[in-house]
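Below you'll find the structure, written out as structure tokens, and then a few comments.
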2 protein chains.
Amino acid sequence: MASLTEGNTRPVRLADIAKAAGVSHGTASNVFSRPEIVREEVRERVKAAAEAMGYAGPDPKGRLLRAGKVNAIGVATTDPLSYFFDDPYARAMMASISATCDATGTGIALVSAGNEEKLAWNIQSALVDGFILFCIEGGSRLVELTLERKLPFVALELGFEDDRVSAIGVDNVAGARLAARHLAGLGHRRFAVLSLAFADDSTGLVSPGQVQAAVYTGTRDRLAGYFEELSRFGVDTARVPVYETENDEASTWAGLETIFASAEPPTAILAMSDRTAMIAIEWLAARDIAVPRDVSIVGFDGVPDAALCDPALTTVAQPIAEIGRRAARRILDFDGTVRRETLDVELVVRASSGPPPTRA
Amino acid sequence: MASLTEGNTRPVRLADIAKAAGVSHGTASNVFSRPEIVREEVRERVKAAAEAMGYAGPDPKGRLLRAGKVNAIGVATTDPLSYFFDDPYARAMMASISATCDATGTGIALVSAGNEEKLAWNIQSALVDGFILFCIEGGSRLVELTLERKLPFVALELGFEDDRVSAIGVDNVAGARLAARHLAGLGHRRFAVLSLAFADDSTGLVSPGQVQAAVYTGTRDRLAGYFEELSRFGVDTARVPVYETENDEASTWAGLETIFASAEPPTAILAMSDRTAMIAIEWLAARDIAVPRDVSIVGFDGVPDAALCDPALTTVAQPIAEIGRRAARRILDFDGTVRRETLDVELVVRASSGPPPTRA
DNA sequence: CACTTTCGTTGGATCGATTCAAATTTTGGC
DNA sequence: GCCAAAATTTGAATCGATCCAACGAAAGTG
């Protein structure tokens with residue numbers, strides 16, 4: 001006797017159960033995709049055969065090829081995948097993107113790439129209908145790679161002035177000016193900037209030359225905005241220390257050490273991300289430097305956590321939810337056009353900023 | 001003249017460029033997948049043709065069918081997709097899962113299902129090699145559906161005693177006992193429990209009958225652990241209010257209102273999740289009830305945030321990273337076996353628990 | 001009863017690649 | 001210049017479904 005029916009390890013295919021039930025594969029397919037057009041008796045027979053043979057249902061791999069549409073959008077970054085769950089900005093953005101996807105029954109595929117080779121492969125082989133790119137850093141390479149897929153995609157940052165790529169971002173110059181004006185208006189004159197990267201893998205104090213050579217225009221624009229506004233208030237921006245961080249604890253701490261080692265430490269810090277700003281608040285608290293009594297801080301991004309930290313962070317809020325919604329919509333309702341949108345930011349004044357200490 | 005070459009809208013296929021370059025599609029395929037085995041001259045010719053025709057590279061949809069392996073693992077929940085980015089437990093777990101996936105170049109597909117119909121479809125059509133299921137709530141249905149796909153999967157919770165499903169979880173009874181013993185040992189005798197759901201869609205004060213009928217055994221086990229240990233200390237568990245929350249603000253607030261409306265409010269709260277515990281801490285702070293002076297709280301889960309809130313939360317820590325790592329590994333190295341693992345929890349004592357107030 | 005509809009079913013074509021045994025071309029040795 | 005071995009290239013088969021034109025059977029019509 002032994003085993004007499006079907007092959008042992010090989011998974012059961014639609015064709016197998018069609019044969020077993022004595023119908024054509026076309027009919028078998030209909031049983032699953034449009035059961036109402038199949039006569040009940042036949043339908044039951046096919047279902048019974050499927051059950052008996054342990055059929056797992058139509059394999060999406062097969063369907064996909066025919067259908068053409070994956071029904072998933074890829075979200076890509078050059079950071080490790082955990083970025084999506086760790087970084088507060090990414091999280092807020094993902095929450096908005098996923099809400100939109102949820103509403104339309106679209107799936108989300110997370111794509112990352114630590115190193116060059118894997119990046120390429122992961123982008124090339126992602127099963128998605130389009131991409132949303134987080135291109136805070138190392139964006140250009142990501143964009144090139146994605147361009148090759150010839151799928152709809154949108155960059156979350158207006159980084160490069162490339163008119164082949166759709167993008168959604170904020171007016172960084174205007175936002176930075178809001179922050180600077182707020183602090184200068186409160187009376188501050190001694191500033192320091194906790195910056196994001198200007199180019200790949202750079203950190204540390206920044207020279208004007210490096211600013212000129214900035215690859216990441218988002219960073220450059222924010223700095224430009226800060227400086228423009230500070231100049232109006234008579235601040236000599238050449239003497240404002242700009243420390244480039246990697247938006248993490250280690251590099252931000254290093255920056256603060258450097259900045260506060262100065263003979264004339266700042267009374268106000270302009271941070272280019274809320275994350276850096278919040279790290280700075282903790283660093284200062286640990287050293288008994290009171291915020292905002294001794295030092296004021298203004299962040300950038302407007303992540304939800306910024307409202308909850310202590311003291312609550314004054315920040316330039318991006319419309320994160322709106323950006324996420326639009327990005328997802330742009331992929332879902334892709335119409336073949338390239339568009340670049342700039343949304344407005346808003347200064348949210350909270351407890352981390354106040355007048356400078358009355359002067360020693 | 002007009003347009004004479006290729007179809008206009010239709011995307012370019014491998015076969016198209018093979019024809020254009022005058023080679024077989026087999027060779028064209030090799031140019032992309034194993035370039036080293038095709039003669040340089042031919043390779044260049046094919047690449048040139050691809051370039052000229054705007055070929056996007058081998059379509060993963062096609063490859064997939066042949067290759068069989070998607071190289072992605074699906075993570076599913078019955079909550080909305082944003083759960084993965086909002087809930088601290090989910091986030092910590094995802095960070096660990098994604099680190100493992102990153103290391104192996106595996107993608108992650110997020111799958112969710114608000115309503116029944118979509119749930120089914122999303123699970124059935126997910127392009128993945130296996131699933132990791134977050135089945136905190138509504139798990140059984142999710143498991144049934146996933147079972148039908150006949151793909152490897154693992155449940156993150158030992159919820160059901162179903163030996164068809166692999167699972168990784170913690171010893172809930174032991175963990176709950178640690179929490180209860182800690183508080184009782186400090187001298188507390190008046191307790192309240194902020195519980196998770198015992199069954200679908202239930203909230204509110206729980207009767208012993210409901211506990212008996214618990215569908216979610218994780219919740220039931222934690223409560224059993226609490227009560228076992230409290231009994232040893234002579235606490236009449238029948239009088240301990242157990243309030244079922246949905247692990248969110250609204251229901252937790254409601255629970256606290258109820259619990260503290262009592263004539264003899266508790267001096268100690270056993271919360272079945274850190275999230276609930278942290279929400280409780282905020283609620284109490286807003287009412288000037290000092291933690292731990294007036295009320296002690298012990299959470300459950302050991303999420304990273306618990307160490308950062310104020311006061312830092314005493315909690316029963318699950319080895320979240322380890323669970324995530326093992327879950328991902330179980331899918332990646334699937335060997336056809338079903339296994340259920342129970343990991344140990346650990347009581348982490350922080351600032352939210354202390355002796356009860358010296359009695360009025 | 002012949003004739004049109006309607007309903008279900010069939011089976012070939014297709015989606016876009018990869019694979020592999022067989023055919024062909026090159027290369028190397030003498 | 002001939003033959004075996006090595007290097008390339010070919011083209012049919014396959015992956016697992018869905019789609020659709022065509023066809024047969026049952027139902028409806030005058």
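Every chain is numbered from 1 and lettered A, B, ... according to where its sequence line falls, protein lines coming before strand lines.
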Checklist entry - Taking everything shown except A:K150 itself, do over 12 heavy atoms lie less than 6.0 Å from its NZ? => result yes
Checklist entry - Does A:E36 CD have over 12 foreign heavy atoms under 6.0 Å away? => result yes
Could [X] and [Y] be called an ion pair, given the rule that one side-chain N must be under 4.0 Å from one carboxylate O?
X      : Y      : result
B:D16  : B:R13  : yes
A:K47  : A:E51  : no
A:R325 : A:E322 : yes

Taking the side chain of [X] as heavy atoms from C-beta outward, which of [options] is closest to it?
X     : options                : value
B:R63 : C:dT18, D:dA17, C:dC15 : C:dT18
B:R34 : C:dT9, C:dT19, C:dT18  : C:dT19
A:R39 : C:dG8, D:dA17, D:dG16  : C:dG8
B:V38 : D:dG16, D:dT18, D:dT9  : D:dT9

Next on the checklist: With a cut-off of less than 4.0 Å, is there a side-chain N or O of B:Y55 near OP1 or OP2 of C:dA17?
Outcome noted: yes
Checklist entry - Between A:S29 and D:dT18, is there a side-chain N or O to OP1/OP2 distance below 4.0 Å? => result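 A:S29 to D:dT18 OP1/OP2: side-chain N or O found under 4.0 Å.
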Checklist entry - Hey, mind stepping through B:S82 and A:D102 against side chain to side chain donor-acceptor pair (under 3.5 Å) and telling me if it holds? => result CA-CA 9 Å; B:S82 58; A:D102 248 338; 5.4 Å; no
Rounded distance (Å) that lies between atom [atom2] of [N] and atom [atom1] of [X]:
X     : N      : atom1 : atom2 : result
B:R43 : D:dA7  : CZ    : C1'   : 14 Å
A:I17 : D:dG16 : CD1   : P     : 14 Å
B:L14 : C:dC15 : CG    : P     : 14 Å
A:L64 : D:dA17 : CG    : C1'   : 10 Å
A:D59 : D:dT18 : CG    : C1'   : 13 Å
B:K61 : C:dG16 : NZ    : C1'   : 9 Å
A:R13 : D:dT18 : CZ    : P     : 14 Å
B:L65 : C:dT19 : CG    : P     : 12 Å

Checklist entry - Would A:C101 and B:L81 satisfy side chain to side chain contact (heavy atoms under 4.5 Å, CB included), going step by step from the backbone distance to the final call? => result CA-CA 8 Å; A:C101 288; B:L81 282 178; 4.3 Å; yes
Next on the checklist: Does A:F32 reach a base, just sugar-phosphate, or nothing at all? Heavy atoms under 4.0 Å.
Outcome noted: nothing
Can you pull every protein N or O that's under 3.5 Å from an N or O on nucleotides 10-14 of chain C?
| unit_1 | atom_1 | unit_2 | atom_2 | d |
| --- | --- | --- | --- | --- |
| C:dT10 | OP2 | A:S24 | N | 3.0 |
| C:dT10 | OP2 | A:S24 | OG | 3.4 |
| C:dT10 | OP2 | A:T27 | OG1 | 2.9 |
| C:dG12 | O6 | A:H25 | NE2 | 2.7 |
| C:dT14 | O2 | A:R66 | NH1 | 3.4 |

